[in-house]
S.K.: 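Starting off with a structure, shown below.
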Amino acid sequence: MLTLKFIQDNKADVIKRLKTKRFDAASIIDTIISLDDNRKQTQAQAETLEAEMNTLSKEIGLLFKAGKTDEVSASKAKTVELKERIKDLNTQLEDINRQLTAQLVLIPNVPHSTVPEGKGADDNVLVREGGVMPTLTNDLPHWDLIKKYDLIDFELGTKITGAGFPVYKGKGARLQRALINFFLDEANNAGYNEVLPPLLVNEESGFGTGQLPDKEGQMYHATADNLYLIPTAEVPVTNLYRDVILKGSELPVRNCAYSACFRREAGSWGADVRGLNRLHQFDKVEIVQVAHPDQSYAILDTMVAHVQSLIEKLELPWRILRLCGGDMSFTSALTFDFEVYSAAQKRWLEVSSVSNFETYQANRLKLRFKDDGDKKTQLAHTLNGSALALPRIVAAILENNQTAEGIRIPKVLVPYTGFDIIN
RNA sequence: GGAGGGAUGGGUGAGUGGCUGAAACCAGUAGUUUGCUAAACUGCCGUACGGGUGACUGUACCGGGGGUUCGAAUCCCCCUCCCUCCGCCA
């Protein structure tokens, strides 16, 4: 969430910039500011009385020591009323603070100045593109290729779990493992530190990265233990730094992680979700950084460059889009989406989303840093990106590389798969 | 799952009702000394929210939440986590 101070200092600007995200913040901000005034006033009152109480208690202690027990009862009587008023004020304070956070979490992150206006996907702006469009003589969509070469079994997944939980088999399973290892090796080589996080997280973690409370319905919830299956490794990996104060010299922190990802995708099933296009469980390698505010946008560029290099090595046609305000996520300040062209489906598939959240997550996480010699802590910036999500990459590899002899494996993957063709 | 023991500042660890936001040591940091390094010595060294231009100052926080008391790190209750033993188990 945004910090109160930021909202107060930049009220007009916040309202203006949130219009890019098609969000009207004016009345919420007014509520917040008046709640905060109220908070300060109530807190000041409570603290004055608490100070009085502390002095009185010390006096009583001294009276006891001096043996003046007769004077004690008069002082004690005074504390009774004080205590009541303090309790009352603190109850009010708690209530005000609750209302304040309730309002604060309703406001999305403020978009970066370079975010284009727009309603949805059609208004995203092409940043650059590359790769060679394949010319296919056969053009089976990946769901047919999967059947033809017995790589992935959706029916079997439906039997043991449900729709959207595929079973990878034989060369299909090995291709999956190859991609995971390839992506992790590339991230390690680029200086990211590998972690293997838990796949279930608690409520605090869900709140820290912004999945809770807003997107509760998107996550699988293990209610008996109140744990959530992660929709992305971003959640556990970013939460590694929840309630942490880093030294300025430790920044940037660079982590990468492979994880299975679980998404309920409630209400988003319809056309265009055949095969691997949308799943409830899929594999992904994620890169996550914690950065100094002065460096975060330069770092965002290096993350974009890293993802681009992966797709180029896989020899897929790609393009990068700068998301418009209407298509961006609630928590992001600037997002670049990567898409690869799926030649048989004849459509672009999103395979990565790289974002700078600035202090939005850090504020929820209480993720701060302190520069050497500085007295004050400040909120760090968090960033993350898929590098990469597997299913649609697999779909594009299968479709784009199909030949009469079989499916050609990109050169860079052959050392990982141990085979260069699926036939 | 059963029985017992624990949780204090970056670390080790004192502290069983007021003089403790918290000893001491280590680490860190600034300085003095010193041919350099090391050592020694001295100062500083938690977080958040208020008030003040500022020096400074108020309040809260000793795993989390409640309670007792004029007053709680210290006493009581609940929860979480860690350790030991037993049971179960990939």
Side-chain angles (χ1 to χ4, degrees), chain A residues 1-9 32-104 196-208 222-228 236 239-251 253 260 290 359 361-380:
Chain A
M1 56 192 169
L2 300 176
T3 64
L4 239 155
K5 189 168 162 42
F6 180 79
I7 293 173
Q8 282 167 334
D9 293 350
I32 286 172
I33 289 175
S34 83
L35 276 169
D36 188 51
D37 286 343
N38 196 209
R39 191 208 102 232
K40 279 184 196 165
Q41 220 174 47
T42 313
Q43 184 175 325
Q45 281 175 35
E47 287 181 0
T48 309
L49 297 186
E50 278 164 353
E52 223 176 289
M53 188 74 162
N54 287 341
T55 320
L56 214 51
S57 293
K58 271 184 190 141
E59 280 170 18
I60 291 172
L62 292 174
L63 287 175
F64 267 120
K65 268 208 179 128
K68 298 177 183 168
T69 40
D70 47 327
E71 292 174 37
V72 166
S73 56
S75 297
K76 272 198 186 178
K78 266 198 259 178
T79 65
V80 176
E81 195 212 337
L82 262 182
K83 226 172 157 180
E84 194 120 325
R85 286 168 63 198
I86 290 171
K87 197 172 182 180
D88 203 51
L89 284 167
N90 279 328
T91 311
Q92 281 180 45
L93 241 192
E94 273 171 39
D95 189 49
I96 292 166
N97 279 326
R98 238 194 314 275
Q99 290 180 47
L100 208 44
T101 5
Q103 293 296 312
L104 238 23
L196 186 62
L199 302 180
L200 280 84
V201 293
N202 58 29
E203 231 179 320
E204 290 76 22
S205 296
F207 178 81
T223 50
D225 298 288
N226 197 25
L227 296 172
Y228 293 85
N239 271 280
L240 255 23
Y241 302 93
R242 172 151 51 82
D243 283 317
V244 166
I245 300 174
L246 295 160
K247 284 186 197 147
S249 59
E250 292 176 295
L251 299 175
V253 171
V290 180
T359 60
Q361 290 181 330
N363 188 217
R364 289 175 161 224
L365 293 158
K366 297 196 176 63
L367 197 191
R368 293 156 293 171
F369 72 97
K370 189 153 57 166
D371 273 323
D372 284 343
D374 268 11
K375 272 201 163 168
K376 287 294 287 176
T377 61
Q378 41 177 325
L379 292 169

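Chain identifiers are assigned alphabetically (A, B, ...) following the order of the sequence lines, protein sequences preceding nucleic acid strands; residue numbering begins at 1 within each chain. What you see is a predicted model; the values in this text were computed from it and never measured.
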S.K.: With P as the reference atom in both, quote the distance from rG2(B) to rC78(B) in angstrom, rounded to an integer.
M.R.: 14 Å
S.K.: For rU33(B), which nucleotide in any strand shown is its Watson-Crick or wobble partner with both distances under 3.5 Å?
M.R.: none
S.K.: Which heavy-atom pair separates Ala222(A) from Leu200(A) by the least distance, and what is that distance?
M.R.: CB-CD2, 4.3 Å
S.K.: Please assess Phe369(A) against Gln378(A) for the test side chain to side chain contact (heavy atoms under 4.5 Å, CB included), listing each intermediate value before the final yes or no.
M.R.: CA-CA 6 Å; Phe369(A) 72 97; Gln378(A) 41 177 325; 3.4 Å; yes
S.K.: What is the distance from CD of Gln41(A) to C1' of rG51(B), rounded to the nearest Å?
M.R.: 14 Å
S.K.: CG of Asn97(A) versus C1' of rA48(B): gap in Å, rounded?
M.R.: 12 Å
S.K.: Sort out the partner of rG54(B) for me: Watson-Crick or G-U wobble, both distances under 3.5 Å, none otherwise.
M.R.: none
S.K.: What verdict does the side chain to side chain contact (heavy atoms under 4.5 Å, CB included) test give for Thr101(A) and Met1(A), after you've listed the backbone C-alpha separation in whole Å, the side-chain angles of each residue and the deciding distance to 0.1 Å?
M.R.: CA-CA 9 Å; Thr101(A) 5; Met1(A) 56 192 169; 4.0 Å; yes
S.K.: Could you list the residues that satisfy side chain to side chain contact (heavy atoms under 4.5 Å, CB included) with Lys83(A), not counting sequence neighbours?
M.R.: Met53(A)
S.K.: Do nucleotides 57-65 of chain B as a string where each nucleotide becomes B, S or -: B if the base has a protein heavy atom under 4.0 Å, S if just the sugar-phosphate does, - if no protein is that close.
M.R.: -BBS-----
S.K.: Can you name the one residue among Ile245(A), Leu367(A), Leu246(A), Asp371(A) that meets side-chain contact (heavy atoms from CB on, under 4.5 Å) with Thr377(A)?
M.R.: Ile245(A)
S.K.: If rA90(B) has a Watson-Crick or G-U wobble mate with both distances under 3.5 Å, name it; if not, just say none.
M.R.: none
S.K.: Tell me the interatomic distance from Lys78(A), atom NZ, to rU69(B), atom C1', rounded to whole angstroms.
M.R.: 19 Å
S.K.: Once you round it to whole Å, what is the distance between P of rA48(B) and NZ of Lys5(A)?
M.R.: 14 Å
S.K.: Rounded to whole Å, how long is the line connecting atom NZ of Lys83(A) with atom P of rG67(B)?
M.R.: 10 Å
S.K.: Show your reasoning for whether side-chain hydrogen bond (donor to acceptor under 3.5 Å, both in side chains) applies to Glu50(A) and Asn90(A).
M.R.: CA-CA 10 Å; Glu50(A) 278 164 353; Asn90(A) 279 328; 3.2 Å; yes
S.K.: Measure all distances between protein nitrogen or oxygen atoms and nitrogen or oxygen atoms of nucleotides 17-21 of chain B, and list the pairs falling under 3.5 Å.
M.R.:
{"from": "rG18(B)", "atom 1": "N2", "to": "Ser57(A)", "atom 2": "O", "distance (Å)": "2.7"}

S.K.: Quick test of your reading of the model: are Asp88(A) and Arg85(A) salt-bridged, counting only N-O distances below 4.0 Å?
M.R.: no
S.K.: Mind checking who rA27(B) pairs with, Watson-Crick or G-U wobble, both distances under 3.5 Å?
M.R.: none
S.K.: Across all strands, who's sitting opposite rA38(B) as a Watson-Crick or G-U wobble pair, both distances under 3.5 Å?
M.R.: none
S.K.: Enumerate the protein-to-nucleotides 43-47 of chain B contacts in which both atoms are nitrogen or oxygen and the separation is below 3.5 Å.
M.R.:
{"from": "rU47(B)", "atom 1": "OP1", "to": "Lys370(A)", "atom 2": "NZ", "distance (Å)": "2.3"}
{"from": "rU47(B)", "atom 1": "O3'", "to": "Arg368(A)", "atom 2": "NH1", "distance (Å)": "3.2"}

S.K.: For rG52(B) versus rU16(B), give the span between their C1' atoms, rounded off to a whole number of Å.
M.R.: 40 Å
S.K.: Excluding sequence neighbours, so at least two apart, what forms side chain to side chain contact (heavy atoms under 4.5 Å, CB included) with Leu62(A)?
M.R.: none
S.K.: Taking the P atom of each, how far is rA23(B) from rG11(B), in whole Å?
M.R.: 15 Å
S.K.: Provide the distance between the two P atoms, one in rG63(B) and one in rU12(B), to the nearest whole Å.
M.R.: 14 Å
S.K.: Expressed as a whole number of Å, how far does the C1' atom of rA48(B) sit from that of rG43(B)?
M.R.: 26 Å
S.K.: Rounding to the closest angstrom, what is the interatomic distance between rG13(B) and rU84(B) at atom P?
M.R.: 16 Å
S.K.: Which whole-number value in Å describes the distance from Glu203(A) CD to rC79(B) P?
M.R.: 19 Å
S.K.: Any strand counts, and the cut-off is 3.5 Å on both contacts for Watson-Crick or G-U wobble. Which nucleotide pairs with rC75(B)?
M.R.: rG67(B)
S.K.: Give none if rU16(B) has no partner; otherwise give the nucleotide forming a Watson-Crick or G-U wobble pair with it, both distances under 3.5 Å.
M.R.: none
S.K.: With side chain to side chain contact (heavy atoms under 4.5 Å, CB included) as the criterion, how do Asn363(A) and Leu104(A) come out once you've worked through the C-alpha distance, each side chain's angles and the decisive distance to 0.1 Å?
M.R.: CA-CA 11 Å; Asn363(A) 188 217; Leu104(A) 238 23; over 6 Å; no
S.K.: When the distance from CG of Asn363(A) to C1' of rA48(B) is rounded to whole Å, what number comes out?
M.R.: 13 Å
S.K.: If pairing requires Watson-Crick or G-U wobble contacts with both distances under 3.5 Å, which nucleotide is the partner of rG21(B)?
M.R.: none
S.K.: Start with the C-alpha gap between Lys40(A) and Asp36(A), add the side-chain angles, then the distance that decides, and say whether side chain to side chain contact (heavy atoms under 4.5 Å, CB included) holds.
M.R.: CA-CA 6 Å; Lys40(A) 279 184 196 165; Asp36(A) 188 51; 3.5 Å; yes
S.K.: Please state the P separation for the pair rA60(B) and rC19(B) - nearest whole angstrom.
M.R.: 13 Å
S.K.: Would the distance check show the side chain of Thr3(A) and the main-chain N or O of Phe6(A) forming a donor-acceptor pair, the cut-off being under 3.5 Å?
M.R.: yes
S.K.: Under 3.5 Å, side chain of Arg39(A) to main-chain N/O of Asn97(A), donor-acceptor pair present?
M.R.: no
S.K.: In whole angstrom, give the distance that lies between atom NZ of Lys376(A) and atom P of rA48(B).
M.R.: 5 Å
S.K.: Residues in side chain to side chain contact (heavy atoms under 4.5 Å, CB included) with Asn226(A), at least two apart?
M.R.: Glu203(A), His221(A), Tyr228(A)
S.K.: Closer to the 5' end of RNA chain B via nearest nucleotide, is it Ala44(A) or Thr79(A)?
M.R.: Ala44(A)
S.K.: What interatomic distance, in whole Å, is found between C1' of rG6(B) and the corresponding atom of rA30(B)?
M.R.: 38 Å
S.K.: Return yes if a side-chain donor-acceptor contact under 3.5 Å exists between Asp37(A) and Ser34(A), otherwise no.
M.R.: no
